[in-house]
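Notes for the one structure printed next.
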Amino acid sequence: MDTNAPDHPIAEARANLSELLASVRLLRRVYFLTSRGQRRAAVVPAELGELIERAGGADAAAAILSAHLAPTTEKEL
């Protein structure tokens, strides 16, 4: 398993789950699990998962990040 690649087919991740989890925990990597080339889920460090939970779940966390990462306009500068 290539731990440098962010995307991993679900079957490959299942076969190498302990290696994948060690990379997430020790290297603080985020991996996307794919099916037919489409990202279906992500494996993230526990601390990030806990922050997502504290934010009110995945949808709330996504809204917070989207607002924070929105490009600034010249008017705001």
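Source: prediction; values computed, not measured.
Residues that satisfy the side chain to side chain contact (heavy atoms under 4.5 Å, CB included) test with Ile64, not counting sequence neighbours, are Ala55. Qualifying side chain to side chain contact (heavy atoms under 4.5 Å, CB included) partners for Asp59, counting only residues two or more places apart in sequence or in other chains: none.
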Test side chain to side chain contact (heavy atoms under 4.5 Å, CB included) applied to Asn4 and Arg29, step by step:
CA-CA 9 Å; Asn4 290 320; Arg29 298 287 313 267; 3.9 Å; yes

Name each donor-acceptor pair under 3.5 Å that joins a side chain in residues 37-52 to protein atoms two or more places apart or in another chain, with its distance.
residue : atom : partner : partner atom : Å
Arg39   : NE   : Asp7    : OD1          : 2.9
Arg39   : NH2  : Asp7    : OD1          : 3.0
Glu47   : OE1  : Arg28   : NH1          : 2.8

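Here the CG-NE2 distance, from Leu33 to His8, works out to 8.5 Å after rounding to the nearest 0.5 Å. Expressed to the nearest 0.5 Å, how far OH of Tyr31 lies from CG of Asn16 amounts to 11.0 Å. Between the OG atom in Ser23 and the CZ atom in Arg25 there is a gap of 10.0 Å [rounded to 0.5 Å].
Annotation for Glu19: atom CD counts as buried by contact number, over 12 foreign heavy atoms lying within 6.0 Å.
By the rule that hydrophobic residues join a cluster once side-chain heavy atoms approach within less than 4.5 Å of another member, Ile10 and Leu17 end up as members of one cluster.
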